[in-house]
Amino acid sequence: MLDARWVRDNVEAVREAMANRGASWDFDRFLALDEERRELIAKVETRQARRNELSKEIGGLMKDGRRDEAEARKDEVRLINDEIAERDRHRDEVDAELRAMLLTIPNVPDASVPVGPDETGNVETYRWGAPPAFDFEPKAHWDLGPSLGIIDFERAVKLAKSRFVLLGGLGARLERALINFMLDEHTGHGYREWWPPSLANADTLTGTGQLPKFEDDLFKTSGEGTPLYLIPTAEVQLTNIHRDETLDASQLTLDYCAYTPCFREEAGSAGRDTRGMIRVHQFDKVEMVKFARPEDSMDELERMVRDAGHILERLGLAYRVIVLCTGDMGFSAAKTYDLEVWLPSYGDYKEISSCSNTKDFQARRAGIRYRDPSEFKGTRFVHTLNGSGLAVGRTLAAVLENYQRADGSVEVPEVLVPYMGGVRAIEPEA
RNA sequence: GGAGAGUUGGCCGAGUCGGUUGAAGGCGCUCGCCUGCUAAGCGAGUAAGGGGGUAUAAGCCCCCUUCGAGGGUUCGAAUCCCUCACUCUCCGCCA
């Protein structure tokens, strides 16, 4: 959510930002409502001040026993209250529409973000490693996994439905190994580990921007009372840990990480990545989240990208980093880097991590502030960042495909051997 | 699921015949004094959100709202009534 006052004072900048994003927004409507709102507030508050004054007088008169004078003032207050109630009704309508508008406007891209219409405008900034050269025809993980007996797509459909995955044997072990390896690396770099709920309420999902605009992307439980949603990413829970809290500047930057399952409806992605475990309804992910001072947040984004890349380097997987252009960024992000891993089955690099600085966009929605008495009075919004470190399912697919051997077996990357109980290769199950 | 208690400012904790209580007191924090250093001591300050004025680097001034959330009674509610959420204790059930 953007600050209404900031939008008012920077209309042209916001208008340009939205145009660059390919987003439309009714600025004239917003400005009219904003002005109307402020007029109503001023009028109501003047009346309220008068009412408070009269009420104080009534108290004094009652104490002195001057009942008649008190009654006259009571009548006046009653009139004022009717007037205020009328204007309040009007103001509630204006407020609701304004808030709805502000909740659906995307974040303003950072000045360093390249302008572009869609993914074709993204810019590669870094490349590490080289795709493996095979002297045989490499298999895709959706063939390799079943042939090794460690991925079972058919029975996953039986248990749930399409776009779910069932891992078995060393496949399940590899998934767990990757999770533990990633968490160990991140905690070793100072990230605090968390184990959050896999369901979240509406306030939580509104705080990070999934609601109200993207409800169709979420699985929603049908229970009575407070509706709960299955989290699409641990970013939701990690960021909301500090919702409606005021942090102390000395605590910042806070580095958090967590493993969670992630659930996505994938509405609107029919036909995309239909094979394998690249795009599924449930996947595992290790997530990183940072809470930073505004002046530090862009540096912290670079650091987060390196922390995600570090995992791929330790695993020996070739990858590249791209910065998303204005037209391809997510709703909450001010700047986003994607890390893409080499996937032989795609013959291309495929997204495996997305690291974003949302600046104060989520913090304003979620009420996450910080104080720094030596620098400024009162409180300010922190900057929040999030990034995958990494999407585990896609990492597993990348390991299988990049480490496969001519005989159909898969070598276990050196760093994972301890996590695999010493197993150095995944052989076809007899 | 049943019964009871509770939800106040960064933290702890007062506050019922409803009226200078936005809120005592303590801790913490900030600034100043004192001090060989530290500690202790003394003095002052210290909630957030919103609107307006002034200035636009920060700031300063006025007003409104907020004592879990929402609604009600009243001229006026942290204080009375209703609904909901959450926390704690006991019982039941259960991995």
Side-chain angles (χ1 to χ4, degrees), chain A residues 1-10 30-99 102-103 195 197-207 221 223-228 240-252 254 291 293-295 360 363-382:
Chain A
M1 181 164 57
L2 301 176
D3 178 32
R5 191 172 353 188
W6 188 83
V7 173
R8 182 199 313 152
D9 293 340
N10 298 276
F30 170 81
L31 291 173
L33 284 170
D34 180 62
E35 187 174 345
E36 188 173 6
R37 169 174 173 273
R38 281 179 290 137
E39 280 173 10
L40 284 167
I41 288 172
K43 281 179 185 162
V44 166
E45 289 189 349
T46 306
R47 299 272 73 192
Q48 285 175 326
R50 175 63 181 159
R51 179 183 64 186
N52 291 344
E53 193 183 325
L54 286 169
S55 287
K56 256 179 206 170
E57 287 180 24
I58 291 170
L61 290 169
M62 295 295 275
K63 211 169 276 178
D64 297 343
R66 295 153 73 181
R67 290 197 146 276
D68 292 347
E69 293 170 65
E71 287 304 325
R73 282 168 175 74
K74 284 189 190 183
D75 289 340
E76 188 178 342
V77 172
R78 269 188 279 263
L79 285 175
I80 291 174
N81 279 339
D82 289 344
E83 191 184 331
I84 290 174
E86 175 60 35
R87 289 196 199 281
D88 273 349
R89 259 195 301 282
H90 188 184
R91 195 193 146 183
D92 285 345
E93 294 170 11
V94 172
D95 273 348
E97 190 175 345
L98 264 178
R99 181 169 169 76
L102 284 170
L103 281 177
W195 192 277
S198 295
L199 277 72
N201 60 40
D203 283 346
T204 296
L205 286 153
T206 303
T221 62
E224 306 251 330
T226 311
L228 291 171
N240 278 282
I241 284 173
H242 293 300
R243 185 171 83 241
D244 294 324
E245 292 183 12
T246 302
L247 306 170
D248 194 285
S250 62
Q251 302 173 267
L252 303 176
L254 287 171
F291 299 83
R293 293 187 193 81
E295 62 269 30
D360 61 3
R364 180 171 294 108
R365 286 176 161 244
I368 309 169
R369 303 178 164 83
Y370 76 109
R371 69 176 85 252
D372 192 351
S374 62
E375 292 295 320
F376 56 87
K377 264 186 78 168
T379 58
R380 289 182 183 171
F381 291 112
V382 302

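All chains are named by letter (A, B, ...) in the order of the sequence lines, taking the proteins before the strands, and each is independently numbered beginning at 1. Just so it is clear, the values below take in all heavy atoms, side chains as well, and ignore hydrogens, waters and symmetry mates. Everything quoted here is computed from the prediction, not taken from an experiment.
At the phosphate of C75(B), neither OP1 nor OP2 sits under 4.0 Å from any side-chain N or O atom of R51(A). Between R5(A) and the phosphate of G51(B), there is a side-chain N or O to OP1/OP2 separation shorter than 4.0 Å.
Here the P atom of nucleotide U74(B) and the CG atom of D82(A) are 12 Å apart, to the nearest Å. Rounded to a whole Å, the CZ atom of R91(A) is 9 Å from the C1' atom of U65(B). Note: CG (D88(A)) to P (G70(B)) measures 14 Å, nearest angstrom. Look at CD1 on I368(A): it is 14 Å from P on G49(B), rounded to the nearest Å. For the pair R371(A) CZ and A48(B) C1', the interatomic distance rounds to 9 Å; values are reported in whole Å. As a whole-Å value, the separation of D75(A) CG from C75(B) P is 9 Å. Spacing between atom CG of D34(A) and atom P of G52(B) amounts to 8 Å, rounded to whole angstrom units. Atom CZ of R87(A) is separated from atom P of U65(B) by 16 Å (rounded to the nearest Å).
Inter-residue side-chain proximity for Q251(A) and H242(A) is flagged as unmet; no heavy-atom pair is nearer than 4.5 Å. Contact annotation: the side chain of M1(A) approaches that of R99(A) to within less than 4.5 Å [non-hydrogen atoms, C-beta and beyond]. Considering only heavy atoms from C-beta on, L40(A) comes within 4.5 Å of E36(A) through its side chain.
When heavy atoms are screened at a 4.0 angstrom cut-off, R78(A) is found touching the sugar-phosphate backbone but no base atom. Using a 4.0 Å heavy-atom criterion, one finds that N81(A) contacts the sugar-phosphate atoms exclusively. Using a 4.0 Å heavy-atom cutoff across all strands shown, N52(A) reaches sugar-phosphate atoms only and no base atom. At a threshold of 4.0 angstrom between heavy atoms, the contacts of L54(A) with the nucleic acid are absent.
Rounded to whole Å, the C1' atom of U16(B) lies 27 Å from the corresponding atom of C11(B). G6(B) and C62(B) are spaced 39 Å apart, taking the P atom of each and rounding to whole Å. Here, G22(B) and G49(B) have their C1' atoms 13 Å apart, quoted to the whole Å. Comparing the C1' positions of A69(B) and A85(B) gives an interatomic distance of 7 Å, to the nearest angstrom. Only the C1' atoms considered, G71(B) is 14 Å distant from A77(B), to the nearest whole Å. On the C1' atoms, C34(B) is 15 Å away from A44(B), given to the nearest whole Å. U35(B) sits 16 Å from C42(B) when the P atoms are compared, rounded to a whole Å. Comparing A23(B) with G9(B), their P atoms sit 15 Å apart, to the nearest whole Å.
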Practice item. Indicate for each nucleotide in nucleotides 54-60 of chain B, in 5' to 3' sequence, whether protein heavy atoms under 4.0 Å reach the base (B), only the sugar-phosphate (S), or nothing (-). Key: -----SS
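A side-chain N or O of N201(A) and one of T204(A) form a donor-acceptor pair less than 3.5 Å apart.
The side chain of R369(A) lies closest to G49(B), out of G49(B), G50(B), C64(B). Across G51(B), G19(B), G10(B), the shortest atom-to-atom separation from the side chain of S55(A) is found for G19(B). In this structure, the nucleotide among G49(B), A47(B), G51(B) sitting nearest to the side chain of T379(A) is G49(B).
Map R73(A) and R37(A) each onto its nearest nucleotide of RNA chain B; the residue landing nearer the 5' end is R37(A).
Among L2(A), L31(A), D34(A), the single residue meeting the side chain to side chain contact (heavy atoms under 4.5 Å, CB included) criterion with V7(A) is L2(A). With E83(A) as the fixed residue, the salt bridge (charged side-chain N to carboxylate O under 4.0 Å, His left out) test singles out one of R89(A), R50(A), K43(A), R47(A): R47(A).
Rounded to the nearest 0.5 angstrom, R369(A) CZ and L247(A) CG are separated by 11.0 Å. Rounding to the nearest 0.5 angstrom, the gap separating the CG atom in L252(A) from the CG atom in L254(A) is 5.5 Å.
Judged by distance alone, the side chain of R365(A) and the main-chain N or O of L103(A) form a donor-acceptor pair under 3.5 Å.
In the displayed structure, E245(A) atom CD is contacted under 6.0 Å by more than 12 heavy atoms of other residues, nucleotides or ligands.
Minimum interatomic distance between R293(A) and Y370(A) (heavy atoms only, all atoms of both residues): CG-CE1, 4.2 Å. Of all heavy-atom pairs between R243(A) and I368(A), the closest is CA-CG1, 3.9 Å.
The stretch residues 42-50 of chain A comes close to RNA chain B through E45(A), Q48(A), A49(A), each having a heavy atom under 4.0 Å from the strand.
Ionic pairing of K56(A) and E53(A) is not present here: no N-O contact between side-chain nitrogen and carboxylate oxygen is shorter than 4.0 angstrom. Salt bridge D75(A)/R78(A): present, at least one basic N to carboxylate O contact under 4.0 Å.
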Exercise for review: Convert the base pairs of RNA chain B into dot-bracket notation, remembering that pairs crossing earlier ones are written with [ ] and that bases paired across to another strand are shown as |; include only Watson-Crick or G-U pairs under 3.5 Å.
Suggested key: ((((((((.[[[..)...(.....]]]((((((.......))))))((((((((....)))))))).[[[[[..)....]]]]])))))))....
